[in-house]
Amino acid sequence: MLSGQKIVLGVTGSIAAYKSCELLRLLTKKGAVCSVIMTESAQRFVTPLTFKALGAKEVITSDWNDPEHTIPHIDATRDAALFLVAPATANILAKAAQGIADDVMSAAILARRCPVAFAPAMNINMWQNQATQRNVKQLMQDGAIILGPAAGEQACGDMGSGRMLEPTEIIELLEGAFSPRVLDRCRVLITAGPTFEPIDPVRGITNLSSGKQGFAIAKACALAGAEVTLVAGRTHLKTPAGVRRIDVTTAYEMYRAVMNEVSRHEVFISVAAVADWRIANPATHKIKKGYTSDTPELIFEENPDILASVASLENAPYCVGFAAETDNLIDNARAKVYRKRVPLIVANLVQDALGQDSNTVVFVERDQATPLARASKEQIAQALVAKIAQEVN
Ligand code: C5P
């Protein structure tokens, strides 16, 4: 979504300027073409060379003595898709709100024709000051995008609002701004990650699912404008911005959470690796060796098939399942299309997918199978969002 976009990164004089280096690196990694403008005080925290070395096409520091541009503050944002000021100090917010243009940064903000976004970074008292709040309100009325700030520990030792958002959070928000809203306000329920079936209080049966694909799909749906509920098994993954998350442990808890939620949703995407069996007789105390000569006996009980249960509801949402197979990929996936009565199964080979950042999948429907080239889980998520949007709209 950011690939090929020209983004001008404005860096002003806050200690959070060090985070802009990472921000530029991430933007460049996403394929954005970045120029940087720095105020004089920003250059006291980081140097123009840092941004150059991290991939900035150019770094503009002054309106004067710049042999590459006739009028730097005008040239800087020509053809830009976005002017992102991060960190944005109280000073630049005030100047931008008033239309002051007394240096290359403020003049470039005034001269731009592209949208402008500010990621404020300042001490909590400066942020809460009526003057700053008035300026922010004015900027929003003028159409500026305000990203954050976050609350937390500040460089000055104070706690509270005023920290610049983390670079990854800013990138997520920008991706949202650049995404086509093909699932606008569509309510999507997703399961992701592994389930865990206890054997005793310290042991259990689980699987190698990382949750990465399900979380990537939740993020892609949210970026496409959907209202997303994510029912997640045990994983340390961060909840994508704007996604409502319900944590569960066992397959039965996942089943209950899904059945509770499903009637409010128009799409159900079942990505979780759900245990087919649970232990019918989990021990209440830790099973210890040596107390008896018997080996412990586990009795298994079948878990409900969440996907099939949802698909067979009277007002079933549009259902998508996943199939991780070790062989006979398409035949096995198609059998699931019929058995679980779902229109679409995303099929992949276990050895291609589990725990990895990329995957090779096939979209299997009743009458066709569409293979996708190997791609990152994020790209697969975007392809799936496009496919679902086509089917439900
Ligand atoms: O039958 P199998 O486990 O291979 O099917 C995989 C698909 O079914 C996945 O979409 C998975 O999330 C879903 N599933 C489920 N409940 C189960 C088992 C699998 O929803 N108990």
Side-chain angles (χ1 to χ4, degrees), residues 188-195 197 205-218 220-221 231 233 251-252 254-255 258-259 262 265-278 300-314 316-392:
V188 180
L189 178 62
I190 301 170
T191 64
T195 54
E197 305 299 327
I205 297 174
T206 185
N207 57 69
L208 293 175
S209 166
S210 63
K212 283 180 190 166
Q213 185 64 79
F215 275 60
I217 291 168
C221 288
V231 180
Y252 201 76
M254 187 172 273
Y255 169 75
V258 166
M259 292 322 243
V262 70
H265 293 82
E266 289 137 345
V267 174
F268 176 55
I269 314 175
S270 183
V271 198
V274 186
D276 291 322
W277 304 90
R278 65 173 172 267
F300 287 89
E301 199 167 50
E302 199 167 342
N303 275 322
D305 188 308
I306 305 170
L307 177 58
S309 309
V310 170
S312 65
L313 290 171
E314 202 178 319
Y318 178 80
C319 288
V320 180
F322 269 69
E325 306 292 343
T326 49
D327 50 86
N328 272 341
L329 184 61
I330 310 238
D331 288 348
N332 281 329
R334 183 153 291 126
K336 267 169 217 173
V337 166
Y338 284 97
R339 199 171 66 242
K340 303 199 185 213
R341 294 204 269 161
V342 294
L344 174 62
I345 288 278
V346 181
N348 59 249
L349 288 170
V350 171
Q351 52 272 36
D352 282 344
L354 274 184
Q356 302 190 37
D357 289 328
S358 59
N359 196 358
T360 311
V361 303
V362 185
F363 288 167
V364 180
E365 294 161 273
R366 276 175 181 246
D367 48 3
Q368 58 182 346
T370 317
L372 269 62
R374 186 163 188 90
S376 71
K377 289 186 173 174
E378 289 207 342
Q379 287 166 328
I380 288 169
Q382 284 157 21
L384 181 59
V385 163
K387 171 77 180 159
I388 293 171
Q390 231 175 45
E391 299 298 327
V392 298

Practice task
Determine yes or no for a side-chain-to-main-chain donor-acceptor pair under 3.5 angstrom, with Ser376 supplying the side chain and Ser358 the backbone.
Solution key: no
Problem - Non-hydrogen side-chain atoms of Phe363 and Val346 separated by less than 4.5 Å - result: yes
Problem - side-chain contact (heavy atoms from CB on, under 4.5 Å) assessment of Met259 paired with Leu313 - result: CA-CA 10 Å; Met259 292 322 243; Leu313 290 171; 4.2 Å; yes
Exercise for the section: Any chance you could measure Thr195, atom OG1, to Ile205, atom CD1, to the nearest 0.5 Å? Expected result: 10.0 Å
Exercise for the section: Kindly indicate whether the side chain of Ile306, heavy atoms from C-beta on, has any atom under 4.5 Å from the side chain of Met254. Expected result: yes
Practice task
Using a 4.5 Å cut-off on heavy atoms from C-beta on, say whether the side chain of Leu372 contacts that of Gln379.
Solution key: no
Problem - Over all atoms of both residues, closest heavy-atom pair of Phe322 and Ile269 - result: CE1-CG2, 4.2 Å
Fill in the blank from the handout: The reported gap from OH in Tyr318 to CD in Glu391 (rounded to nearest 0.5 angstrom) is 4.0 Å
Fill in the blank from the handout: Nearest heavy-atom contact between Ala347 and Ala333 is CB-CB, 3.6 Å
Practice task
Compare every heavy atom of Val258 with every heavy atom of Thr191, then report the nearest pair and how far apart it is.
Solution key: CG2-CG2, 3.5 Å
Problem - Donor-acceptor pair, side chain of Asn207 and main chain of Ala275, under 3.5 angstrom - result: no
Exercise for the section: May I ask you to test the Asn303-Tyr255 pair for a side-chain heavy-atom distance under 4.5 Å? Expected result: no
Exercise for the section: Enter the distance from Ile345:CD1 to Leu329:CG here, rounded to the nearest 0.5 Å. Expected result: 11.0 Å
Exercise for the section: Ignoring hydrogens and angles, tell me if any N or O in the side chain of Gln356 forms a donor-acceptor pair with the backbone of Gln351 under 3.5 Å. Expected result: yes
Problem - Main-chain N/O of Val342 paired with Lys336 side-chain donor or acceptor, under 3.5 Å - result: no
Fill in the blank from the handout: Of all heavy-atom pairs linking Gln213 and Lys377, the shortest is NE2-O, 3.0 Å
Exercise for the section: Check for a donor-acceptor pair, side chain of Glu197 on one end and backbone N or O of Ala251 on the other, with a separation under 3.5 Å. Expected result: yes
Completion exercise
Here the gap from Ile217 atom CD1 to Ile388 atom CD1, rounded to the nearest 0.5 Å, amounts to 7.0 Å
Practice task
With the side chain counted from C-beta on, respond yes when Val231 and Leu189 share a heavy-atom pair under 4.5 Å apart, and no when they do not.
Solution key: yes
Problem - Flag, side chain of Arg334 to backbone of Glu365, donor-acceptor distance under 3.5 Å - result: yes
Handout entry: Arg374, CZ atom: more than 12 neighbouring heavy atoms under 6.0 Å
Key = yes
Practice task
Measure the spacing between SG of Cys319 and NZ of Lys340 and express it to the nearest 0.5 Å.
Solution key: 11.0 Å
Exercise for the section: Determine, step by step, whether Val361 and Asp352 satisfy the side-chain contact (heavy atoms from CB on, under 4.5 Å) criterion, reporting the C-alpha distance in whole Å, the side-chain angles of both residues, the deciding distance to 0.1 Å, and the verdict. Expected result: CA-CA 9 Å; Val361 303; Asp352 282 344; over 6 Å; no
Exercise for the section: Indicate the atoms forming the closest heavy-atom contact of Cys221 with Ile190, along with that distance. Expected result: SG-CD1, 4.2 Å
Exercise for the section: Grab the two heavy atoms, one from Ala381 and one from Ala220, that are nearest each other, plus how far apart they are. Expected result: CB-CB, 3.8 Å
Handout entry: Side-chain heavy atoms of Trp277 within contact of Glu301, under 4.5 Å
Key = no
Practice task
Hey, could you give me the CG/CG distance between Leu384 and Leu344, rounded to the nearest 0.5 Å?
Solution key: 6.5 Å
